[in-house]
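Side-chain atoms are counted along with the backbone in the values below, which use heavy atoms only and exclude waters and symmetry mates.
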Amino acid sequence: MATETAAPMTEPAETAEAIVRAVRAVCDPEIPVLTIEDLGILRSVEVEAAAEADETGEAEGPGEGEATGEGKATGETAGLRAHVVITPTYSGCPAMETIRADVQRAARAAGAAEVDVELVFSPAWTTDWMSDEGKAKLSEYGIAPPAGRAAGPIGLSMAVKCPLCHSLNTTGLSRFGSTACKALYRCSDCLEPFDYFKVH
Amino acid sequence: MSTETNPTPETAAAQAAGHAPQAYETVEPTPPVQPAARGMPTVGDELEVDPLLPGAGVPLTATITSVPSEDVAGYALMLGDDALITAQRLGELVAKGPELEEDIALTNIALDQLGAARMFLQYAGRGLDTTEDELAYFRDEAEFRSCALVEQPNGDFGQTIAKVLLTSLYQQLLYRGLLDSSDEFLAAVAAKSIKEVDYHVEHASMWTVRLGDGTEESHRRMQAGLEMMWPYVDELFDDSPCTDLIDSGVAVSAAGLREEFDARLVEILETATLSLPEIPAARGQGRFGLHSPHLGYILAEMQVLARQHPGATW
């Protein structure tokens, strides 16, 4: 009896966690080494049971609860709904729709029956939310990560380290680069141009 | 005996490891790098936001679900139209910039403006029971509330920079004021857009200085560009379209921004060895739907595809 009750409840819980992991691992389409979590685009992921309103989620539930649980224990996690909140980096960022579609796809692949992705503008996204791991990954990928924090006036000169030879002897060629979030720099030591992820 | 054909076991392992592709996994995702501080979730529980998730704990506000009143929607439309027409005009420079980096810079500015326009038009759409696309593609000239300055042609590089300088400086002050708006959503859009507009001002003022304090020709053209745009500046600071909203704290009093605008501009022009133009203002009625002949052509190009194929999607 105890094992029969436990089985249907563990599956949805595992699936819920799988959904959360899948969403957190969705990659930025433009910089595929970073996940949307690394970038701070992902604000929250919530997974709850869809349709059934009084799921208590308790393993030792009353008889009715057990019956419902067993009724669903066909390996189908038809009852899980994911609510994901994301925030755009730059206002005109064209990747947001792709990210939204990717999040929906990832959540469904991990077992969500319904996915709803919400876009919020406030508080405004800032590079301060980028994780240290994210910055390290950017650097390995060949893009210089944001140097410094967003608070304060924009400085015209920021010490940007070349991601290739790590020299600080770099020059900004243009504040606007290949995407809205990047600027174009050139290293005066190794002479290679590179993208810099702007502090925002 | 080469190592390529007969690798040692160590080399083979190293090679295999080095060449292992970082797969873009969808079935078995890599666990996130940040440690999860919570236990296994149960069905029916609302998962808490991971306290280590950046931005966590900061309350989420101002989603697109807020619905503005018709007046506020009209104001959002005004702000959005300025940004939309700016974006459309700068978009004309795609693949036509004087050099590659500048092409990218000006079109990135256009993209930022378009992003702001979308946020404003989506919000206006909610209050007017329509969509951003309907507003952008199916309104006629008389329904647009953009100012004359953003409708001006790009002309030569001096004119383009002059236009971007004046528009972005105005927007910077306007959005800064909007941060205190009693309308939560407008304040949120302003907070988002001001960071980008700061870059636009920086770009335009750097070029203004470089052109003004450059060669004789660049100085002449930059001055001429300023003078061409100057008649349309006064209209930006006219409060009459939104006096009620200013009183209620939703809108920013543009007239109140004029002094700082002039001060900032004079500072930039002095560094650029340019002079503040003394040209009478044109009569600006853009906020009331009366536009220069330019807008018709701008809208024709912007709207033709949507109007030829209404309801079409990618």
Inset, instruction - Applying side-chain contact (heavy atoms from CB on, under 4.5 Å), run through A:W125 and B:K192 and close with a yes or a no. - result: CA-CA 7 Å; A:W125 178 82; B:K192 185 105 192 94; 4.0 Å; yes

Inset, instruction - Start with the C-alpha gap between B:K195 and A:Y90, add the side-chain angles, then the distance that decides, and say whether side-chain contact (heavy atoms from CB on, under 4.5 Å) holds. - result: CA-CA 9 Å; B:K195 296 199 269 189; A:Y90 281 68; over 6 Å; no

Inset, instruction - Carefully, step by step, assess B:R118 and A:S91 under the rule side-chain contact (heavy atoms from CB on, under 4.5 Å). - result: CA-CA 8 Å; B:R118 288 194 63 194; A:S91 314; over 6 Å; no

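Atom CG of B:N108 and atom NZ of A:K182 lie 10.5 Å apart (nearest 0.5 Å). Here the NE2 atom belonging to A:H200 is positioned 4.5 Å from the CD atom belonging to B:E196, to the nearest 0.5 angstrom. In this structure, A:F176 CZ and B:H203 NE2 are separated by 5.5 Å, a value rounded to the nearest 0.5 Å.
Contact annotation for A:P88: both backbone and side-chain heavy atoms come within less than 4.5 Å of a heavy atom of chain B. Contacts between A:T87 and chain B at a heavy-atom distance below 4.5 Å are absent for every atom of the residue. Residue B:L114 does not touch chain A at all, counting heavy-atom pairs closer than 4.5 Å.
Minimum heavy-atom separation, A:G177 to B:I104: O-CG2, 3.0 Å.
A:K135 NZ: more than 12 foreign heavy atoms inside a 6.0 Å radius. Counting non-hydrogen atoms of other residues, nucleotides and ligands closer than 6.0 Å to CZ of B:R210 gives a total above 12.
Of the candidates B:E101, B:H200, B:E202, B:E202 is the only one forming a side chain to side chain donor-acceptor pair (under 3.5 Å) with A:R175.
Between chain A and the residues B:L111, B:I109, B:T107, B:L106, the largest count of heavy-atom pairs under 4.5 Å involves B:L111.
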